[in-house]
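The figures here come from the full heavy-atom set of this structure, side chains too, leaving out hydrogens, waters and symmetry mates. We're numbering straight along the sequence, starting at 1.
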Amino acid sequence: MVHRMEQTSTILLKPIQVSPRGFKRQIETMLGALIQLRKRVTLFAKLPKGKNWSSDLMQYSQTIDPRPDVFVWAREVNRQQDWQQSIIIPQAHPMQKEYFLLALSETVSCLLQGYREDVITDSESLHDPMAKMPPPEEPEVLPRVNYSITFQKSLIQTFVNDLQGSVQTSLAEHPQQDVLQSLVANWDDRMQVPEHCHSALMDAILLQDGQHQERLQQQARAYRRQAMSVSSLSTQNESLINTLRLKDDFLNTVGQELRTPLSTIKTALPLLHSPNLKPPQRQRYLDMISRECDRQVNLINGVLELLQVERTLMTTQPEPVNLFDILPGIVSTYQPLAQEKGIRLAYTVPNTLPAICCPQNWVRQIVIQLLSNSIRFTNAGGEVWVTAQPADDETLVINVKDTGVGIPQSELPHVFEHFYRGRQTPSEEEGAGLGLAIVRQLLLYCDGRISVESQPEVGTHIMVKLPLYQTG
C-alpha cells in the first residue's frame, strides 16, 4: 500500500528510513497522543510479530472506556486476545513487508505506514575493535523501515479503499469469520474519513521530528563508535568515554526540548475542530501554535549553531585581534534595534588596547551573543554599555552591562547550561537557551574566562577575560 500512496497527486512528504525501534517509537507516539486526548477511535493495524509490538495497542484498548474496536491483520485468528479482533491476511495480497496503523473516528483520522527494507551494511565498519573475535567476512543485513505519517483526508481515503478490497478478499477466502461479515456490512458507516484536518502542518511537524530524532541517534552511535575505537592509553579511553556520556546527555536533552513544542501543538490542533470554539479562543490557539513553531525553529537553529562551533573548534587557529577594529562595528549594528526598543546603547573601546589571542569570528560571536542578550532583557528606558580595558599584564576584559531584569542569585550557577531560560522579557520573548553555552564553549578553547554579576530589577554585568597575544 505504501507504493500506491506515493503515486497520488496529493502532497506527501517523502518517507524516511528508521530502525525498527524508531518505527515502534512512532507507534508509541501516535497511540500515546490518543490516550492523552482520551480519543476513542477504531484502530486497524498490521505490525511485526511479537508481544512488544502489540503492547501499545493493548494498552490503548484497555485504557479507553468504552473499549474501542481494534482490528489486527494476522496469519491466523488469535482467540486468546479479548482486546482485539483478528483479520486473516489474504493469501495473494502483497503485504509481506508492509505495516500500518490507521485510526478513525468522527473527528480523528491518522495513518502511519511503514515498509520493511533489509539494508546491507559494511560489517567491518560496524565491528567493535575492542572485541576479541575477528570481524565477520560477510556484510551484515540490517532491517530498516521506511515510514510516513499523514492526516490528509485524500491519502487516508485512498488507503481505506485499498483496505476495503483487502477485507473483502479475506472474507471471500474465510467466509466463516463473523468479524469480517460485520465489518463489511457496516463499512460505509464505520469508515467515514472526517472532512477537516490540519494535515499538512501535522505531517510536516511529525516527519521533521522523526528525521531529527533519527539524526540524533545516528550521531550518538557515531560518538560511541569513535570512543570505542580508541586503543591508546586507558586515561585517553576514560576521557573519551566521559565525553561520549556528555554527548548522550546533551542529545537526550535536545530530544526533550524539541518534543515540548510539538506536544503543545498536538494538544492545540484538535481543539481547533470544536464547533463551539469562539473566534478569540481560536485566535489564541493559533497564536500559541505560531509561538511554538517559532520556538522549534529557534531550538533547531541553536543546536545547529552549537554543532557548527564544535566542528570548527579543532581547525581554527588563534590570531591577534584588535578589539577597536571589531567592537564598534558590532555595537553599531545593534543600534537600530536598541533605538526601536527605547534603549540607550553605548561603548567605550580605546584604540590603544593590545591585541588579544583569539580567532576574530569567535570574538564576534561572543560579543554578539552577550549584546543581544542584554538588549533582549532590558526594558524601554534602560541602558546597555560595552567597554574593554586591560585586566592585567596577560589578559584583557570585555564588559557588557545592562539595566535589565537581572538574574536571581539562585539561577546564576545555571546560566551557562544548555537550554537555560531563566529570565523573561515583558513581551515573553524566548530564545533557545544556547547563547551563553556557545560563549562558554568558545572561551574554553581560547583560554578565556567568563563571570556574571546580577541583581533582579537592577541589571546584569558580564565580564569576559581573554589572553593577550604573545609574539613568538
Side-chain angles (χ1 to χ4, degrees), residues 246 249-250 253-254 256-257 260-261 291-292 294-295 298-299 301-303 305-306 309 327 330-331 333-335 337-349 362-389 391 395-446 448-466:
L246 294 176
D249 292 341
F250 172 71
T253 305
V254 169
Q256 293 298 326
E257 289 290 329
T260 300
R291 286 196 305 271
E292 293 301 316
D294 292 339
R295 179 181 174 187
N298 289 335
L299 285 169
N301 289 339
V303 172
E305 185 178 5
L306 187 58
V309 167
L327 285 186
I330 297 175
V331 176
T333 302
Y334 279 86
Q335 282 288 2
L337 177 61
Q339 292 176 358
E340 182 179 354
K341 292 190 64 175
I343 298 172
R344 179 176 178 270
L345 176 60
Y347 70 90
T348 301
V349 182
W362 290 11
V363 178
R364 287 182 177 275
Q365 195 166 5
I366 290 170
V367 176
I368 286 173
Q369 292 283 4
L370 299 181
L371 188 56
S372 62
N373 269 2
S374 289
I375 294 176
R376 177 185 300 169
F377 295 110
T378 299
N379 298 325
E383 297 179 340
V384 177
W385 304 276
V386 179
T387 63
Q389 70 259 2
T395 59
L396 184 148
V397 62
I398 301 174
N399 300 282
V400 180
K401 301 178 66 176
D402 63 62
T403 59
V405 297
I407 308 172
Q409 293 297 315
S410 60
E411 295 182 0
L412 283 177
H414 307 291
V415 296
F416 298 106
E417 296 176 359
H418 295 119
F419 305 108
Y420 168 79
R421 290 183 296 269
R423 300 190 293 179
Q424 295 294 324
T425 59
S427 59
E428 296 183 351
E429 295 177 355
E430 183 171 315
L434 289 172
L436 291 181
I438 293 174
V439 169
R440 182 183 63 174
Q441 192 83 336
L442 294 174
L443 290 174
L444 179 65
Y445 282 85
C446 64
R449 298 190 301 276
I450 186 170
S451 58
V452 182
E453 297 177 354
S454 186
Q455 185 175 346
E457 307 304 329
V458 175
T460 301
H461 179 196
I462 298 182
M463 295 149 284
V464 174
K465 288 188 177 182
L466 293 167

J.: Any chance you could measure Leu370, atom CG, to Ile462, atom CD1, to the nearest 0.5 Å?
T.: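 Reported to 0.5 Å precision, the distance equals 5.0 Å.
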
J.: Between the side chain of Ser374 and the main-chain N/O of Leu371, is any donor-acceptor distance below 3.5 Å?
T.: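 Looks like no, no N/O pair under 3.5 Å.
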
J.: Taking Lys401 for the side chain and Gly459 for the main chain, is one N or O donor matched with an acceptor at less than 3.5 Å?
T.: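 No: the side chain of Lys401 does not pair with the backbone of Gly459.
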
J.: Using modelled atom types and a 3.5 Å cut-off, is there a donor and acceptor pairing between side-chain atoms of Gln409 and backbone atoms of Gln455?
T.: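 Side chain of Gln409 to backbone of Gln455, a donor-acceptor pair under 3.5 Å: no, none is there.
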
J.: Between Thr395 (side chain) and Ala391 (backbone), is there a donor-acceptor pair under 3.5 Å?
T.: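 No.
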
J.: Using a 4.5 Å cut-off on heavy atoms from C-beta on, say whether the side chain of Ser454 contacts that of Leu412.
T.: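 Of all side-chain heavy-atom pairs linking Ser454 with Leu412, at least one is under 4.5 Å.
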
J.: Could you check whether any side-chain heavy atom of Gln389 comes within less than 4.5 Å of a side-chain heavy atom of Leu396, counting everything from C-beta outward?
T.: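 They are not in contact (no side-chain heavy atoms under 4.5 Å apart), so the answer is no.
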
J.: Among residues at least two apart in sequence or on other chains, which ones pass side chain to side chain contact (heavy atoms under 4.5 Å, CB included) with Arg449?
T.: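 Applying side chain to side chain contact (heavy atoms under 4.5 Å, CB included) to Arg449 gives Lys465.
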
J.: Show the nearest heavy-atom pair for residues Thr460 and Gly406, with the distance to one decimal.
T.: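 Distance-wise, the nearest heavy atoms are OG1-CA, 3.7 Å.
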
J.: Taking Gly382's backbone N and O only, do any of them form a donor-acceptor pair with Thr403's side chain (distance below 3.5 Å, no angle check)?
T.: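 No.
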
J.: Return the set of residues passing side chain to side chain contact (heavy atoms under 4.5 Å, CB included) with Thr333 (not counting sequence neighbours), or none when no residue passes.
T.: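 Applying side chain to side chain contact (heavy atoms under 4.5 Å, CB included) to Thr333 gives none.
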
J.: First locate atom CD1 of Ile366, then atom CD1 of Ile398, and finally report the distance between them rounded to the nearest 0.5 Å.
T.: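 Going from the CD1 atom of Ile366 to the CD1 atom of Ile398 covers 7.0 Å.
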
J.: So, taking the atom named CD in Gln335 and the one named CD1 in Ile330, what distance separates them when rounded to the nearest 0.5 Å?
T.: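 Answer for the CD-CD1 pair, Gln335 versus Ile330, is 13.0 Å.
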
J.: Ignoring hydrogens, what is the shortest heavy-atom contact between Tyr347 and Val331? Give both atom names and the distance.
T.: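 Between these two residues, the closest heavy atoms are CD2-CG1, 3.7 Å.
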
J.: Test of understanding: with side-chain hydrogen bond (donor to acceptor under 3.5 Å, both in side chains), list the residues that count as partners of Ser451, not counting sequence neighbours.
T.: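 Residues passing side-chain hydrogen bond (donor to acceptor under 3.5 Å, both in side chains) with Ser451: none at all.
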
J.: Between Ile368 and Tyr334, is the side chain to side chain contact (heavy atoms under 4.5 Å, CB included) condition met? List the steps.
T.: CA-CA 9 Å; Ile368 286 173; Tyr334 279 86; 3.1 Å; yes

J.: Can you list the residues that meet the side chain to side chain contact (heavy atoms under 4.5 Å, CB included) rule with Glu453, with sequence neighbours excluded?
T.: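 For Glu453, the residues satisfying side chain to side chain contact (heavy atoms under 4.5 Å, CB included) (neighbours in sequence not counted) are His461, Met463.
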
J.: So how far is it from Asp402 CG to Arg344 CZ, rounded to the nearest 0.5 Å?
T.: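 If we round to the nearest 0.5 Å, Asp402:CG and Arg344:CZ are 14.0 Å apart.
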
J.: Return the minimal non-hydrogen interatomic distance between Glu411 and Ile407, and the atom names on each side.
T.: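 Shortest heavy-atom contact: CB-CG2, 3.9 Å.
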
J.: Side chains of Val464 and Val397: closer than 4.5 Å at any heavy-atom pair?
T.: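 Heavy-atom side-chain distance check fails, nothing below 4.5 Å.
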
J.: Who pairs with Thr387 by side-chain hydrogen bond (donor to acceptor under 3.5 Å, both in side chains), at least two apart in sequence or on another chain?
T.: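 Result, side-chain hydrogen bond (donor to acceptor under 3.5 Å, both in side chains) vs Thr387: Asn399.
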
J.: Could you walk me through whether Ile343 and Asn379 pass the side chain to side chain contact (heavy atoms under 4.5 Å, CB included) test, one step at a time?
T.: CA-CA 7 Å; Ile343 298 172; Asn379 298 325; over 6 Å; no

